[in-house]
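In what follows, every heavy atom counts, from backbone to side chain, and hydrogens, waters and symmetry copies are set aside. We name chains A, B, ... by the order of the sequence lines, and we start the count at 1 in each one.
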Amino acid sequence: MLDITFIRENPELVKQGMINKGEKSADAVDKVIQKDEEWRSLVTEIDTLRAENNSLSKEIGKLMGQGKKEEAQAIIKETSEGKEKLKELEEKVSVVAEERDNLLYSIPNVPDASVPVGYSEEDNEVFKTWGEQADEEWLQPHWDIAEDKKWIDFDRGSKVTGAGFPFYVGKMARLQRALINFFLNEAVEQGYTELQAPYFVNEDSARGTGQIPDKEDMMYTIPRDGFFAIPTAEVPVTNFHRDEILSKEELPIRYAAYTPCWRREAGSYGKDVRGLNRLHQFDKVELVKIVHPDTSDDELESLREYAESLLEKLKLPYRTLLMCTGDMGFTQTKKYDLEVWSPGQQRWLEVSSCSNFGSFQARRMQLRFKNEKGKTEMLHTLNGSGLALPRVVAAIIETYQTESGDVKVPEVLRPFMGAEII
RNA sequence: GGAGAGAUGGCUGAGUGGUCGAAAGCGCUCCCCUGCUAAGGGAGUAAACCCCGAAAGGGGUUUCGAGGGUUCGAAUCCCUCUCUCUCCGCCA
């Protein structure tokens, strides 16, 4: 959610941002400004009326205390009239406030000036490419190798739960555990605080990070208890400080959390979902930063660099994309995607997405701090994967396969695997 | 799952229908006093929103777990919900 005052003062900027993000119309901007004016004048009216009634009520109290019941009675009659008018206005103001808020929720975050304007994948900018993209003929996709070695059991996963819920068997299970350990150790070494988070969240939290009302369908629900299975650790971790006012000494806050993630991914099909490319349950280490507004630009760069360093340590070729306005999503001001090279599939696979949300999320969840002047101000939030496991696993299997049919263990994982060959 | 107790400001804790946004204490900030230290005195110390103002600031409204209700008036009475604690049961 954007700040209504900011919209009021920069309507053209907000409109342009909306258009650049691919919204059909930016009418909501003018509408929300008008609704806000309406709301403010109603509030002024109500406040005045209430002030009158309050002072009359105090008068009654005073008279009652002095035993002047008849004089009090006369004033009571007067306040009763004001009360009815008040009720009417209050109903009106709540309707207007809701209309204003709905409009406000429909306006996306304004893209940063450094973001390329564009409306499709092709307009994303290749920010960086690292490593050689292997393309030998004999390279196999990871699902063939995994099936051969009985490392991943998709069929039994389907039997036990459903499609997209595989079992990892033996060495493959251990590889996952190795990656989780590696990612968390690296993050802690970089100064992130490790956090173990709940896997279910309530409705307020889902709303706080914006899964509700927009993206409800992506989540699995536990209706009986009103919970949602988290689609990413971003949800519980960012909500950790919801409704809090932090002191500036606590900043920046950096968290790393490993959790499974559940996504319904309705409507997916074809080669995109083969093997480990897209699952309903997967593991991920998520990084969340809560920072001073002045530092969020730098924090995004260091977040990206950190995520990139993980792929470099695993020696997995990748590229970094700077997402264009139309491909970056509703809540972000700027976003980088990291894509690892999948030699067996000859395509790029997204393994991390590093985003700056500015104060957009913070405002929605009332995440604030006391600034230098002692005023409360919205914080900035960022997050990025560090990293999502399945596609990294796919890339490892495909990149480290040998012509003789083995798969080697990346050097940095050997201490965790206790072997050089998986 | 059953029985009971509770939720008040940064913290402790008083307040059971009327000058209560809330006593008192602690903490914190500033000032005074004190040649160090210790102690003492005074003032201040929540958030959101609206209006006025260039600003400093001023005025108003709302908020005592959340939501609804009774009343001219609610921290205080009624209803619903959430959370915390204690005991019992169950359990990794």
I'd like the [atom1] distance from [M] over to [N], given in whole Å.
N: U63(B); M: G2(B); atom1: P; value: 34 Å
N: G59(B); M: G42(B); atom1: C1'; value: 28 Å
N: G65(B); M: G21(B); atom1: P; value: 16 Å
N: U16(B); M: G58(B); atom1: C1'; value: 36 Å
N: A75(B); M: A7(B); atom1: P; value: 15 Å
N: G4(B); M: A47(B); atom1: P; value: 40 Å
N: G10(B); M: G6(B); atom1: P; value: 24 Å
N: U71(B); M: U76(B); atom1: P; value: 16 Å

Requested in this report: Report the relative orientation of the aromatic rings in Phe227(A) and Phe200(A); use parallel for angles under 30°, tilted for 30 to 60°, perpendicular for over 60°.
Outcome: parallel
Report task. Return the orientation label for the Phe416(A) and Phe182(A) ring planes: parallel under 30°, perpendicular over 60°, tilted otherwise. Result -> perpendicular
For [N], give its Watson-Crick or G-U wobble partner with both distances under 3.5 Å, or none.
N: A46(B); answer: U63(B)
N: A92(B); answer: none
N: C87(B); answer: G2(B)
N: U12(B); answer: A24(B)
N: G17(B); answer: none

Query raised in the report: Charged N to carboxylate O under 4.0 angstrom, Arg304(A) versus Glu301(A)?
Result: yes
Query raised in the report: Could Glu88(A) and Lys92(A) be called an ion pair, given the rule that one side-chain N must be under 4.0 Å from one carboxylate O?
Result: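 Salt bridge between Glu88(A) and Lys92(A), a charged N being under 4.0 Å from a carboxylate O: no.
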Query raised in the report: Pick the nucleotide of RNA chain B nearest each of Ile245(A) and Glu52(A); which residue has the one closer to the 5' end?
Result: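 Residue closer to the 5' terminus by nearest nucleotide: Ile245(A).
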Query raised in the report: If each of Ser41(A) and Thr48(A) is mapped to the nucleotide of RNA chain B with the nearest heavy atom, which maps nearer the 5' terminus, i.e. the 5' end?
Result: Ser41(A)
Query raised in the report: Would Lys370(A) and Thr376(A) count as having a side-chain donor-acceptor pair, cut-off 3.5 Å?
Result: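 There is no such pair (donor and acceptor under 3.5 Å, judged by atom type) between the side chains of Lys370(A) and Thr376(A).
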Query - For RNA chain B, the residues among residues 86-106 of chain A that have a non-hydrogen atom under 4.0 Å from it - result: none
Requested in this report: Please work out if Asn54(A) contacts a base, only the sugar-phosphate, or nothing of the nucleic acid, heavy-atom cut-off 4.0 Å.
Outcome: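 Sugar-phosphate, no base atom in range.
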Query raised in the report: For Met18(A) and Val29(A), which heavy atoms make the closest approach, and how far apart are they?
Result: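 Answer, listing the atom of Met18(A) first, then Val29(A): SD-CG2, 3.9 Å.
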Query raised in the report: Taking all atoms of both residues into account, what is the closest heavy-atom pair of Pro166(A) and Ile152(A), and its distance?
Result: CB-CG2, 3.8 Å
Query raised in the report: How long is the span from the OG1 atom in Thr325(A) to the CD atom in Glu23(A), to the nearest 0.5 Å?
Result: 11.0 Å
**Report entry** Pairwise salt bridge (Lys or Arg N to Asp or Glu O under 4.0 Å) hits with a residue in residues 164-185 of chain A, at least two apart
**Finding:**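 Qualifying pairs, neighbours excluded: none.
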Requested in this report: Using the six-membered ring of Phe167(A), assess whether NZ or CZ of Arg156(A) lies under 6.0 Å from its centre and within 45 degrees of the ring axis.
Outcome: no
Query - First-last contacting nucleotides on RNA chain B - partner chain A, under 4.0 angstrom, heavy atom - result: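 The protein-touched segment is G18(B) to G73(B).
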